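Data first, discussion second: the structure below is written as structure tokens.
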2 protein chains.
Amino acid sequence: MKFKIAVLGTGNVASHLVPALENAGHTVTEVYGRNIAAAAKLCDSVYVAEPKEDLDFSDSQAEIFILALSDAAISNVADEIILPEESILVHTSGTVPLSILGYSSAAYTGILYPLQTFTKGREVDFEDVPFLIESEDQETLQKIKKLAKSLSNQVYLVKSKDRLALHVAAVFASNFTNHMIRLSEEIMGRQGLDFEMLKPLIIESISKSLQLGAKKAQTGPAVRGDYDTLDSHYQFLSYNEQVAEIYKLISQDIIDVN
Amino acid sequence: MKFKIAVLGTGNVASHLVPALENAGHTVTEVYGRNIAAAAKLCDSVYVAEPKEDLDFSDSQAEIFILALSDAAISNVADEIILPEESILVHTSGTVPLSILGYSSAAYTGILYPLQTFTKGREVDFEDVPFLIESEDQETLQKIKKLAKSLSNQVYLVKSKDRLALHVAAVFASNFTNHMIRLSEEIMGRQGLDFEMLKPLIIESISKSLQLGAKKAQTGPAVRGDYDTLDSHYQFLSYNEQVAEIYKLISQDIIDVN
């Protein structure tokens with residue numbers, strides 16, 4: 001099933017999504033951007049899409065309208081967009097509830113959330129990106145599912161009630177792992193040591209964690225109950241009280257759950 | 001320069017090291033293990049090595065003796081081992097100081113520390129493992145360096161005074177990233193959500209972090225200063241006070257350094 005789709009947004013998600021939609025055989029009819037130049041540039045990456053800077057889509061050929069916008073912008077654009085009859089309006093956010101689209105002129109609403117971190121200039125293969133979808137209307141849900149499956153091998157139905165848990169888990173898995181690496185970089189830099197030497201360890205640790213599960217993969221002084229080492233590390237970090245406290249608290253939690 | 005080497009230990013490091021030494025053209029003369037069966041099994045993986053369960057190496061042909069033992073076992077074995085004249089004794093630990101080998105019968109001592117996490121059954125390519133080396137004797141240091149370079153493309157001279165900082169940094173980079181993944185697994189499991197859907201995000205986040213540096217790679221509610229989301233996540237975690245505290249403290253640190 002191929003769709004005619006309008007994409008609203010010109011950021012990281014939109015710029016990855018527009019060419020991926022066309023590669024999957026869909027037609028991108030319009031790209032909306034407050035910055036029309038950015039919208040025009042994104043249109044250049046596909047065959048027929050027209051750039052658009054106003055929200056009157058009453059003459060659009062599209063049947064699905066994707067709000068690939070920042071969380072803050074979604075409700076404003078949803079409230080103002082003028083849609084053709086029988087349109088489906090979806091957003092791509094993992095945090096904004098579906099209900100926020102309820103005030104729009106859309107006949108049907110849903111969520112099409114690609115659970116991945118998108119960075120301009122970094123290739124992302126959508127086939128490996130999990131898409132989390134939701135709709136209260138069964139027919140709409142089936143259409144969103146077909147659209148998601150045309151882009152990715154991993155499509156999950158996730159209800160709004162589970163979305164918060166998922167986001168908290170993603171913060172630990174992504175933002176907090178990144179911050180642990182940041183703290184590690186700083187400790188190395190402060191001592192004049194080359195951070196490069198830790199990269200193979202990080203890659204192998206994460207790979208092991210994902211393969212064996214993090215419980216089995218854990219190593220280090222906390223899981224060994226090596227209090228002398230824990231104490232010397234804590235003392236070492238005394239130049240930064242907050243980081244020392246982070247060290248202590250995570251170590252305690254590793255001790256407690258093992 | 002090819003060496004004759006005795007390896008003491010039959011654990012994860014030893015079992016990866018013995019075949020790697022032979023692949024690099026060295027001769028493993030003996031493998032010592034308190035469990036002689038484990039030593040014999042490890043000897044089977046190479047050409048000539050003999051299993052050994054006593055520490056009298058006075059007749060050994062080896063010139064380098066590698067203590068690939070747990071931190072706790074190193075000093076006992078170093079104290080008891082009987083070595084030929086002019087022998088070099090090294091250990092493979094990242095945490096045990098070089099000075100602990102000073103009471104041994106070795107003429108020269110050093111450290112040959114492979115900075116990687118080793119798991120039985122998981123292949124590790126030594127070429128990509130950074131080796132951190134140390135010795136107070138220049139000639140010994142050159143020999144250890146040649147040995148390390150025969151195994152790996154990444155060899156670093158790291159002094160004892162930097163070893164503690166390195167280990168603290170490694171705990172953040174490896175053990176703590178693993179624990180963040182563990183907490184993420186638990187949040188997903190508790191909600192009945194499939195942890196598989198977070199794996200592509202983790203892989204891309206880490207890859208981005210190592211490529212761009214963790215400061216530039218950071219995303220999420222803390223770095224955006226999105227206090228509403230931070231608060232709702234903190235409330236969500238109220239079922240586990242310690243994990244909620246970890247969430248709060250790491251988020252605060254992300255806010256403070258950005």
Side-chain angles (χ1 to χ4, degrees), chain A residues 95 115-117 119 122 128-130 154 156 162 164-166 168-185 187-188 191 193-194 197-202 204-206 208-210 214-215 217-222 229 232-233 236-237 242 245-246 249-250 253-254, chain B residues 95 115-117 119 122 128-130 154 156 162 164-166 168-185 187-188 191 193-194 197-202 204-206 208-210 214-215 217-222 229 232-233 236-237 242 245-246 249-250 253-254:
Chain A
T95 43
L115 177 47
Q116 187 50 286
T117 174
T119 313
R122 273 182 75 86
D128 302 325
V129 173
Q154 291 185 61
Y156 298 89
D162 293 328
L164 176 61
L166 181 75
V168 177
V171 166
F172 279 93
S174 173
N175 310 151
F176 287 2
T177 53
N178 184 73
H179 194 60
M180 296 302 110
I181 292 173
R182 167 105 192 245
L183 293 175
S184 180
E185 281 175 6
I187 293 162
M188 294 291 276
Q191 197 80 13
L193 292 166
D194 188 350
M197 67 176 100
L198 282 176
K199 289 185 176 177
L201 174 70
I202 296 171
E204 172 65 9
S205 299
I206 299 293
K208 197 168 132 182
S209 183
L210 297 185
K215 184 184 166 68
Q218 190 59 286
T219 60
T229 298
S232 77
H233 288 187
F236 173 84
L237 291 167
Q242 190 158 273
E245 197 53 34
I246 289 172
L249 198 55
I250 297 175
D253 205 55
I254 293 173
Chain B
T95 44
L115 178 47
Q116 186 50 286
T117 175
T119 313
R122 274 183 75 85
D128 302 326
V129 173
Q154 292 185 60
Y156 299 90
D162 293 328
L164 176 61
L166 182 75
V168 177
V171 167
F172 279 94
S174 172
N175 310 151
F176 287 2
T177 53
N178 185 73
H179 194 60
M180 295 303 110
I181 292 173
R182 167 103 192 245
L183 293 175
S184 180
E185 282 175 7
I187 293 162
M188 293 292 276
Q191 197 80 14
L193 291 166
D194 188 351
M197 67 176 99
L198 282 176
K199 288 186 177 178
L201 174 70
I202 295 171
E204 171 67 7
S205 298
I206 300 292
K208 197 168 132 182
S209 184
L210 296 186
K215 184 182 165 69
Q218 190 58 288
T219 60
T229 298
S232 77
H233 288 187
F236 173 84
L237 292 167
Q242 190 159 272
E245 197 52 35
I246 288 173
L249 199 55
I250 297 175
D253 204 55
I254 294 173

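By convention in this document, chain letters (A, B, ...) are assigned in the order of the sequence lines, proteins followed by strands, and residues within each chain are numbered from 1. Owing to the predicted nature of the structure, the values given are computational and were not obtained by experimental measurement.
Looking at A:Y156, only its side chain comes within 4.5 Å of chain B, counting heavy atoms on both sides. If you measure heavy-atom distances from A:L193 to chain B, the contacts under 4.5 Å come from the side chain alone. Using a 4.5 Å cut-off between heavy atoms, B:V171 touches chain A through its side chain atoms alone. There is no contact between B:T95 and chain A, counting heavy-atom distances below 4.5 Å. For a residue to count as touching a neighbouring chain, one of its non-hydrogen atoms must lie under 4.5 Å from one of that chain's; by this rule A:D128 touches chain B with the backbone only. Of the two parts of A:E185, only the side chain, counted from C-beta on, holds a non-hydrogen atom closer than 4.5 Å to a non-hydrogen atom of chain B.
Chain A forms the most heavy-atom pairs under 4.5 Å with one residue out of B:K199, B:H179, B:Q154, and that residue is B:H179. Options B:I254, B:L115, B:L164 differ in how many heavy-atom pairs under 4.5 Å they form with chain A, and the most are formed by B:I254. Among B:T177, B:T229, B:L237, the residue with the largest count of heavy-atom pairs under 4.5 Å with chain A is B:T177. In terms of heavy-atom pairs under 4.5 Å with chain A, the best-connected choice from B:I246, B:I187, B:N175, B:D162 is B:N175.
Every residue meeting the side chain to side chain contact (heavy atoms under 4.5 Å, CB included) condition with A:S174, not counting sequence neighbours, appears here in chain and number order: B:L201, B:S205. With sequence neighbours left out, A:K208 forms a side-chain hydrogen bond (donor to acceptor under 3.5 Å, both in side chains) with B:T117, B:T119.
A side-chain contact (heavy atoms from CB on, under 4.5 Å) with A:M188 is found for exactly one of A:L183, A:L198, A:D194, namely A:L198.
Distance CZ/A:F176 to CG/B:D253: 10.0 Å, rounded to 0.5 Å.
You'll find the side chain of B:I250 reaches within 4.5 Å of the side chain of A:M180, heavy atoms only.
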